[in-house]
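Residues take their numbers from the sequence shown, with the count starting at 1. This structure is a prediction, so every number in the text was calculated from the model and none was measured.
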Amino acid sequence: MTNRLDAVVSSIVEGVRNALREHDVTFEEYRKGFKFMMDVAEAKELPLLMDLFLNTTIVEIQNRQAQGSPSDLEGPYFRSDVPLVTDKIKTMPEFGGTPLVLRGHVKDTDGNPVEGATIFVWSSTPDGKYSGFHDNIPVDYYRGKLLSGAGGAYSVESTVPVPYQIKNNGPTGALLEAMGRHSWRPAHVHYKIRKDGYKDLTTQAYFEGGEWVGDDCCEGKLTDDFVIAETVEDGKHVMDIDFVIERAA
Ligand code: BEZ
Ligand code: FE
């Protein structure tokens with residue numbers, strides 16, 4: 001029997017060795033490299049570093065076999081302990097923000113509606129923060145879970161999120177800067193759809209023409225499926241998305 005762990009780890013090590021050879025990396029640079037890794041561990045930024053460089057690759061592998069909608073990064077800001085919402089997600093009047101209606105349907109891979117699916121929704125405040133993580137914004141704001149109803153339909157109102165910079169005041173941000181890269185993500189809405197008997201679908205949607213959509217520091221957008229042309233109805237922006245979820249094996 002092949003040892004999968006040995007196969008994967010050996011390939012990773014060989015890939016790193018080849019990169020060192022390709023660039024004639026010196027002992028001094030190698031020392032700087034592991035000092036960087038120690039700084040990342042000390043700053044507890046390993047999850048951020050993995051999200052930045054590797055999470056999308058795992059999503060890409062997952063999407064190769066998916067029959068449902070494409071997945072995208074979960075990122076570090078998912079919370080499951082959120083209120084059930086019906087028509088509106090709580091937002092803070094002092095932040096202002098443009099109303100955004102998130103609506104559409106949940107279907108299965110045969111096109112049949114899926115009722116009673118839980119749809120977790122989370123997005124940034126109008127100033128680029130995440131509730132439950134930043135500035136003591138309570139977790140029941142700017143996020144919630146809703147249920148798909150008759151015909152698999154869902155609809156809830158929040159506010160339009162904005163592009164934001166991932167944490168950039170530690171070693172990960174310093175690395176990006178030294179590499180001449182930026183730390184911006186485009187404005188996006190996160191979704192996680194859960195229903196017994198189906199695989200979880202974790203994905204994100206972006207705004208067509210939005211800043212950084214084609215230049216996300218996390219290289220989050222793998223397909224254009226959820227780059228949404230916003231429409232405006234009665235002064236409210238609308239993001240209309242049908243999600244296809246796949247039966248669990
Ligand atoms: C996010 O989408 O919220 C995110 C993803 C990766 C790193 C940091 C933030
Ligand atoms: Fe995000």
Side-chain angles (χ1 to χ4, degrees), residues 40-56 58-59 71-104 106 117-148 154-173 176 183-195 200-207 210 212 216-218 220-221 226 237 239 241 243:
V40 167
E42 199 179 312
K44 298 191 167 45
E45 284 191 2
L46 208 45
L48 181 68
L49 193 71
M50 301 291 275
D51 274 349
L52 179 65
F53 290 130
L54 297 177
N55 194 338
T56 331
I58 300 299
V59 174
S71 300
D72 201 335
L73 293 179
E74 177 169 304
Y77 301 132
F78 171 65
R79 294 271 300 247
S80 58
D81 53 336
V82 291
L84 192 63
V85 289
T86 47
D87 54 332
K88 260 189 177 184
I89 286 176
K90 282 208 280 185
T91 58
M92 295 181 146
E94 61 267 37
F95 283 137
T98 309
L100 172 67
V101 176
L102 307 168
R103 73 175 185 211
V106 182
T118 304
I119 306 160
F120 290 91
V121 175
W122 67 107
S123 58
S124 81
T125 61
D127 67 344
K129 307 282 166 47
Y130 275 90
S131 70
F133 293 90
H134 302 134
D135 293 356
N136 295 320
I137 306 164
V139 75
D140 49 335
Y141 284 78
Y142 300 96
R143 59 172 80 231
K145 57 181 179 192
L146 56 149
L147 294 173
S148 60
Y154 70 90
S155 178
V156 75
E157 187 178 319
S158 184
T159 49
V160 176
V162 292
Y164 60 80
Q165 285 176 288
I166 63 165
K167 182 178 181 294
N168 62 1
N169 60 355
T172 307
L176 280 175
S183 53
W184 286 94
R185 296 219 61 215
H188 56 272
V189 179
H190 293 267
Y191 297 89
K192 187 189 281 291
I193 294 132
R194 228 172 227 173
K195 168 83 182 164
D200 277 7
L201 172 67
T202 304
T203 194
Q204 294 182 31
Y206 306 86
F207 301 94
W212 310 108
D216 181 351
C217 68
C218 293
K221 178 181 71 67
F226 294 150
H237 289 230
M239 199 174 228
I241 303 185
F243 295 108

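Few gaps surround CG on Asp81; more than 12 heavy atoms of other groups in view lie less than 6.0 Å from it.
Counting heavy atoms from C-beta outward, Asp216 and Lys221 have side chains that stay 4.5 Å or more apart. Counting heavy atoms from C-beta on, the side chains of Asn168 and Leu176 never come closer than 4.5 Å.
Among pairs with a residue in residues 119-132, those fulfilling side chain to side chain donor-acceptor pair (under 3.5 Å) read Thr125-Asp127, Lys129-Asp135, Tyr130-Tyr164, Tyr130-His188, Tyr130-His190, Ser131-Arg143, at least two apart in sequence or across chains. The side chain to side chain donor-acceptor pair (under 3.5 Å) contacts involving residues 84-102 comprise Lys90-Asp140, where partners must be two or more places apart or lie in separate chains.
Shortest non-hydrogen contact noted between Leu49 and Val40 is CD2-CG1, 4.2 Å. Here the closest non-hydrogen pair linking Leu52 and Cys217 is CD1-O, 3.3 Å. Considering all non-hydrogen atoms of both residues, Met92 and Pro138 come closest at CE-CD, 3.7 Å. When all heavy atoms of Phe133 and Phe78 are compared, the pair lying nearest together is CZ-O, 4.2 Å. Scanning all heavy atoms of the two residues, the minimum distance from Val82 to Val139 falls at CG1-O, 4.1 Å. For Ala117 against Val106, the heavy-atom pair with the smallest separation is CB-CG1, 4.2 Å.
Put simply, OG1 on Thr118 and CG on Leu147 are 5.0 Å apart, with the number rounded to the nearest 0.5 Å. Between the CD atom in Glu74 and the CD atom in Gln204 there is a gap of 10.0 Å [rounded to 0.5 Å]. Interatomic distance, Asn169 CG to Ser183 OG, rounded to the nearest 0.5 Å: 10.0 Å. Taken to the nearest 0.5 Å, the CG atom of Leu146 stands 8.0 Å off from the CG atom of Leu84. In this structure, CG in Asp51 is found 11.5 Å from CD1 in Ile58, a value given to the nearest 0.5 Å.
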task: Would you check, one step at a time, whether the test side-chain contact (heavy atoms from CB on, under 4.5 Å) holds for Tyr191 with Leu201?
output: CA-CA 8 Å; Tyr191 297 89; Leu201 172 67; over 6 Å; no

- prompt: Yes or no on side-chain contact (heavy atoms from CB on, under 4.5 Å) for Thr172 and Lys167, after CA distance, side-chain angles and deciding distance?
  reply: CA-CA 8 Å; Thr172 307; Lys167 182 178 181 294; over 6 Å; no

Atom pairs and distances, donor-acceptor, side-chain atoms in residues 155-163, under 3.5 Å, two or more places apart:
unit_1, atom_1, unit_2, atom_2, d
Glu157, OE1, Lys236, NZ, 2.9

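Of the candidates Phe207, Phe243, Tyr206, Phe226 forms a ring pair (Phe, Tyr, Trp, His ring centres under 6.0 Å) with just one, namely Phe243.
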